[in-house]
> 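I have a structure I would like to understand better, so I am pasting it below and will then ask my questions one at a time.
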Amino acid sequence: MKKRILITGAAGFLGSHLCDRYIAEGYEVLGMDNLITGDLNNIEHLFKDSNFEFYHHDVSKFVHVSGDLDYILHFASPASPIDYLKIPIQTLKVGSLGTHNLLGLAKEKNARILIASTSEVYGDPLVHPQTEDYYGNVNTIGPRGVYDEAKRFQESITMAYHRFHGVETRIARIFNTYGPRMRLNDGRVIPAFMGQALRGEDLTVFGDGSQTRSFCYVEDEIEGFFKLLQSDYSLPVNIGNPNEITILDFAKEIIKLTGTDQKIIFKPLPVDDPLQRQPDISKAKKILQWEPKINREIGMKKTFEYFKNLPPDQFLKSEHKDFSKHIRK
Ligand code: UDP
């Protein structure tokens, strides 16, 4: 019997890579997405696969799935600061109501559920690098609060379902991840810089660029999720690449990689933009025997190839195709 897995946020960046991975592993994959930030172009190639089905549904509303379910991966959520500024209420709802619905489904189906949490639970961290036992420094009412607090609530309700109902739960704290299928116009730093280089615009560094991030290539990240789902560990685990860089140095790397003759210009630092971020992955190494393998130079080359080869009309906005015949309501 094939294992059946429900993946929410299936048309998004991470969700679509998860669909690919679990199809490749021989699972029956049910993808679900409300397509607010997801893009069906990311999973178009799976529509012909008889092990893949797509449901156009908002998981903030009651989620029904017929038949058995072995696993749930809850990856539906806007995940870029620009997106959650644009759709703050949906961001809060998918992390809270959406997670509640999926935990209810996991309990009903006796399925194991992995939820996508985030380094944002650490806010603007006062502990560096961030270990899982750091409680965080989050502004509840700032612009990022809608995301950060939804994800913190998500972790709480997940642990409550685990402890009170005995649901098998897994919590991945995801740090900045990059690779093909990131949305070029989502405002995050990698698509922003690459889009600017491709359009011949100057690269916009926010603040003085001394803030740091640690970027993980998507293939490594997906392997981390895969191992975490297989494990028997129910407390949160950081999944990310500890290789840290300042945003200014990163902009210089992108200039070199893309060969653009544009320069760096400085723009104001967004409110509550974390000044430093680097995962401590000792726990993932020990419990999952996982660590990232793909270095930034190789990962960024692959990512640039992807962006460079997008149809030119996607440089600003993604193409709209008619996928209606593949969608189950
Ligand atoms: N950033 C930047 N220029 C841009 C977009 C982002 O300097 O055009 C900075 C942003 O201020 C942050 C870092 O890059 O310090 C990463 O931003 P991103 O939106 O990718 O995600 P975050 O890690 O802040 O959630």
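Residues take their numbers from the sequence shown, with the count starting at 1. Just follow the structure's listing: the first ligand is 1, and inside any ligand the first atom is 1.
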> How far is atom 1 (N) of ligand 1 from the closest protein heavy atom, and which atom is that?
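Here the closest protein heavy atom is Phe206 CD1, 3.4 Å.
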> Just need the protein heavy atom nearest to atom 8 (O) of ligand 1, so name the residue and atom and give the distance.
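Ranked first by proximity to atom 8 (O) of ligand 1 is Thr204 OG1, 2.9 Å.
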> Are the charged groups of Arg4 and Asp70 less than 4.0 angstrom apart, N to O?
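The answer is no: the pair does not qualify as a salt bridge.
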> For ligand 1, does Pro270 get within less than 4.0 Å through its side chain, its backbone, both, or neither, judged by non-hydrogen atoms?
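Pro270 to ligand 1: side-chain contact only, backbone stays beyond 4.0 Å.
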> Would you say Phe266 has more than 12 foreign heavy atoms packed within less than 6.0 Å of its CZ?
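Yes, enclosed.
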> With the side chain counted from C-beta on, respond yes when Phe215 and Phe250 share a heavy-atom pair under 4.5 Å apart, and no when they do not.
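Of all side-chain heavy-atom pairs linking Phe250 with Phe215, at least one is under 4.5 Å.
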> Which atoms of ligand 1 are found less than 4.0 Å from any heavy atom of Phe193?
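Every atom of ligand 1 under 4.0 Å from some heavy atom of Phe193: 3 (N).
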> Hey, which of Glu155, His162, Arg112, Arg163 is the one that makes side-chain contact (heavy atoms from CB on, under 4.5 Å) with Thr169?
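Only match with Thr169 under side-chain contact (heavy atoms from CB on, under 4.5 Å): His162.
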> Going by an N to O cut-off under 4.0 Å, is there a salt bridge joining Asp83 and Arg183?
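Yes, charged N to carboxylate O under 4.0 Å.
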> Just which atoms of ligand 1 are under 4.0 Å from any heavy atom in Ala192?
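The atoms of ligand 1 under 4.0 Å from a heavy atom of Ala192 are 8 (O).
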> Under 4.0 Å from any heavy atom of Arg277, which atoms of ligand 1 are there?
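Those qualifying, in numeric order: 22 (P), 23 (O), 25 (O).
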> Can you tell me the protein heavy atom closest to atom 11 (O) of ligand 1 and the distance?
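For atom 11 (O) of ligand 1, the nearest protein heavy atom is Asp273 OD2, 2.5 Å.
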> Salt bridge or not between Lys301 and Glu305? Use side-chain N to carboxylate O under 4.0 Å.
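Looking at Lys301 and Glu305, the cut-off is not met.
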> Enumerate the atoms of ligand 1 whose separation from the nearest heavy atom of Glu120 is less than 4.0 angstrom.
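So the atoms of ligand 1 that pass are 25 (O).
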> Considering the heavy atoms of Pro81, write down every atom of ligand 1 situated less than 4.0 Å from one of them.
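Reading through ligand 1 atom by atom, the close ones are 19 (O), 25 (O).
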> With a cut-off of 4.0 Å, which atoms of ligand 1 are near a heavy atom of Gly187?
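With Gly187 as reference, the close atoms of ligand 1 come out as 5 (C).
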> Answer whether the closest heavy-atom distance between the side chains of Ile245 and Glu253 falls below 4.5 Å.
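Heavy-atom side-chain distance check passes, below 4.5 Å.
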> Short list, please: which atoms of ligand 1 are under 4.0 Å from a heavy atom of Val205?
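Result: 7 (O).
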> Please write down residue, atom name and distance for the protein heavy atom closest to atom 21 (O) of ligand 1.
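The closest heavy atom on the protein side is Asn176 ND2, 3.8 Å.
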> List ligand 1 atoms under 4.0 Å from Gln211, heavy atoms only on the residue side.
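Selected atoms, number and element: 9 (C), 11 (O), 15 (O).
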> Counting only heavy atoms closer than 4.0 Å, does ligand 1 sit against the backbone of Arg213, its side chain, both, or neither?
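The answer is the side chain.
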> Which residue supplies the protein heavy atom nearest to atom 17 (O) of ligand 1, what is that atom called, and how far is it?
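Sorting protein heavy atoms by distance from atom 17 (O) of ligand 1 puts Val189 CB, 4.0 Å first.
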> How close does the nearest protein non-hydrogen atom get to atom 25 (O) of ligand 1, and which residue and atom is it?
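So the nearest neighbour among protein heavy atoms is Arg144 NH1, 3.5 Å.
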> Just wondering, more than 12 heavy atoms not from Lys93 lying within 6.0 Å of its NZ?
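Not more than 12 within 6.0 Å, no.
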> Determine, for Arg21 against Glu219, whether the closest basic-nitrogen to carboxylate-oxygen distance falls under 4.0 angstrom.
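No, this pair does not count.
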> Aromatic ring centroids of Phe225 and Phe75 under 6.0 Å?
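Yes.
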> Quick one: look at Ile247 and ligand 1, take heavy-atom pairs under 4.0 Å, and tell me if it's side chain, backbone, both or neither.
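Contact part for Ile247 vs ligand 1: side chain (C-beta onward).
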> Students often mix this up, so state it plainly: with edges at 30° and 60°, are the rings of Phe52 and Phe47 parallel, tilted or perpendicular?
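Phe52 and Phe47: tilted rings.
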